[in-house]
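Predicted, not measured: the structure shown is a model, and the values here were computed from it. A, B, ... follow the sequence lines: proteins, then strands. Residue 1 opens every chain.
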Amino acid sequence: MILEPTPDQIIFYQIIQTALAKLYRAGKEPNIKKVCGLDVAYRNETATAAAVILQIGKGVVEKSIVKGRSQFPYIPTLLYAREAPLLLAAYKNLKTTPDLIVVDGHGIAHPRKAGLATIIGILLDKPTIGVAKRLLVGEVKESNKVLARIFYKSRCVGYRVKPEGSKAFYISPGYKIGLNGVKRIIQLLGLRYPVVLKEADRIARCWS
DNA sequence: GCGACAG
DNA sequence: ATCTTGTCGC
Ligand SMILES: [Mg+2]
């Protein structure tokens with residue numbers, strides 16, 4: 001059984017998160033040749049994490065799967081406490097070093113500016129972006145556009161991409177990537193939901 | 001206090 | 001996230 005964290009534990013995780021948020025840096029635009037996708041699937045008490053490496057113009061070149069037990073429940077804003085440990089384990093099993101890590105979840109588009117993607121990036125000291133299917137906080141401005149900005153507390157924290165005829169998704173900087181970097185990566189993806197995340201999702205679910 | 005709320 | 005069959009539409 002996964003026991004609910006006590007109020008004290010919740011506060012503890014929030015403090016860690018706020019402290020890590022101060023370490024965020026935009027960094028400089030990386031040359032992206034290899035990208036890593038990170039996702040987790042669940043089946044009862046068992047969690048399955050997948051780390052997939054995609055080489056641009058070549059396809060999947062490596063994958064890592066790690067299984068474990070859910071140690072923490074899903075609590076909005078504290079997703080990192082639930083998923084970061086297993087995702088980090090899966091990533092560290094890889095022999096390939098990617099130029100960018102794409103995480104299923106938000107980056108700085110978070111109440112404490114440190115979503116799962118940001119924390120993964122800081123702990124690995126690697127460039128990351130967060131890609132989510134729904135918004136956690138903030139509002140989309142100029143939602144008529146395919147590429148629209150997300151604002152939270154009067155600050156732009158990322159973009160909503162809405163391809164013609166497809167479902168929208170949300171991208172925010174994780175770590176060592178700024179808003180301009182994210183914008184450039186979105187173009188590099190052809191304004192499409194990242195293939196590397198679809199792969200990570202498919203593989204995690206397949207092994208769960 | 002009420003409602004919202006990534007995966 | 002997951003539980004789940006058929007069904008609507010391009
Ligand atoms: Mg996922």
Side-chain angles (χ1 to χ4, degrees), chain A residues 1-2 4-5 7 10-11 13-14 16-18 20-21 24 36-52 65-91 101-123 128-140 148-153 155 157-175 177 182 186 192-194 196-208:
Chain A
M1 293 295 294
I2 12 173
E4 295 302 311
I10 299 279
I11 293 169
Y13 282 106
Q14 290 173 337
I16 297 299
Q17 196 168 38
T18 300
L20 289 175
Y24 169 80
C36 173
L38 256 33
D39 193 17
V40 186
Y42 299 88
R43 191 157 184 165
N44 301 315
E45 298 286 86
T46 303
T48 305
V52 178
I65 293 89
V66 171
K67 280 173 169 287
R69 292 198 61 175
S70 303
Q71 301 287 18
F72 203 89
Y74 168 65
I75 297 174
T77 75
L78 291 182
L79 181 62
Y80 88 93
R82 177 172 170 80
E83 302 197 335
L86 211 56
L87 288 176
L88 290 169
Y91 177 85
I101 300 174
V102 182
V103 182
D104 186 17
H106 291 291
I108 64 172
H110 181 281
R112 285 177 289 278
K113 304 195 296 273
L116 178 62
T118 299
I119 289 175
I120 294 274
I122 291 171
L123 297 183
T128 61
I129 60 171
V131 177
K133 302 161 198 71
R134 299 180 310 180
L135 224 42
L136 173 62
V137 293
E139 55 188 41
V140 178
R149 287 177 297 177
I150 301 167
F151 282 84
Y152 182 59
K153 291 181 174 175
R155 294 289 185 179
V157 294
Y159 297 90
R160 183 211 64 181
V161 185
K162 172 77 183 71
E164 304 292 342
S166 299
K167 202 162 77 80
F169 57 95
Y170 307 82
I171 304 194
S172 60
Y175 183 60
I177 295 282
V182 162
I186 289 172
R192 286 285 155 183
Y193 187 83
V196 74
L197 266 191
K198 282 184 182 172
E199 269 305 297
D201 176 83
R202 191 184 65 73
I203 290 169
R205 207 176 326 188
C206 176
W207 286 71
S208 74

>> Please check: side-chain N/O of A:Lys113 versus main-chain N/O of A:Thr118, any donor-acceptor pairing under 3.5 Å?
In response: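 Between the backbone of A:Thr118 and the side chain of A:Lys113 there is no qualifying donor-acceptor contact (under 3.5 Å).
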Spatial distance of atom [atom1] ([X]) from atom [atom2] ([Y]) [nearest 0.5 Å]:
{"X": "A:Glu139", "Y": "A:Arg160", "atom1": "CD", "atom2": "CZ", "value": "12.5 Å"}
{"X": "A:Leu87", "Y": "A:Ile101", "atom1": "CG", "atom2": "CD1", "value": "10.0 Å"}
{"X": "A:Ile120", "Y": "A:Thr128", "atom1": "CD1", "atom2": "OG1", "value": "8.0 Å"}

> Would A:Thr77 and A:Arg112 satisfy side chain to side chain donor-acceptor pair (under 3.5 Å), going step by step from the backbone distance to the final call?
Replying inline: CA-CA 8 Å; A:Thr77 75; A:Arg112 285 177 289 278; 3.1 Å; yes
> Looking at A:Val52 and A:Ala200, what are the two nearest heavy atoms and their distance?
Replying inline: CG2-CA, 3.7 Å
Show me the protein contacts with nucleotides 4-6 of chain B, counting only N or O atoms at under 3.5 Å.
{"unit_1": "B:dA6", "atom_1": "OP1", "unit_2": "A:Arg134", "atom_2": "NH2", "d": "2.9"}
{"unit_1": "B:dA6", "atom_1": "OP2", "unit_2": "A:Tyr74", "atom_2": "OH", "d": "2.8"}
{"unit_1": "B:dA6", "atom_1": "N7", "unit_2": "A:Thr77", "atom_2": "N", "d": "3.2"}
{"unit_1": "B:dA6", "atom_1": "N6", "unit_2": "A:Thr77", "atom_2": "O", "d": "3.1"}
{"unit_1": "B:dA6", "atom_1": "N6", "unit_2": "A:Leu79", "atom_2": "N", "d": "3.3"}
{"unit_1": "B:dA6", "atom_1": "N6", "unit_2": "A:His110", "atom_2": "NE2", "d": "3.4"}
{"unit_1": "B:dA6", "atom_1": "N1", "unit_2": "A:Leu116", "atom_2": "N", "d": "3.2"}
{"unit_1": "B:dA6", "atom_1": "N3", "unit_2": "A:His106", "atom_2": "N", "d": "3.0"}

> First contact, last contact: which nucleotides of DNA chain C are these for chain A, 5' to 3', heavy-atom distance under 4.0 Å?
Replying inline: C:dA1 to C:dT2
> Within a reach of under 6.0 Å around CZ of A:Arg82, are more than 12 heavy atoms found that belong to other residues, nucleotides or ligands?
Replying inline: yes
> So among A:Lys198, A:Lys133, A:Arg205, which one has a salt bridge (charged side-chain N to carboxylate O under 4.0 Å, His left out) with A:Asp104?
Replying inline: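 With A:Asp104 as partner, salt bridge (charged side-chain N to carboxylate O under 4.0 Å, His left out) holds for just one option, A:Lys133.
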> Contact class for A:Asp39 vs. all strands (heavy atom < 4.0 Å): base, sugar-phosphate, or nothing?
Replying inline: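 The answer is sugar-phosphate, as A:Asp39 gets under 4.0 Å only of primed atoms, P, OP1 or OP2.
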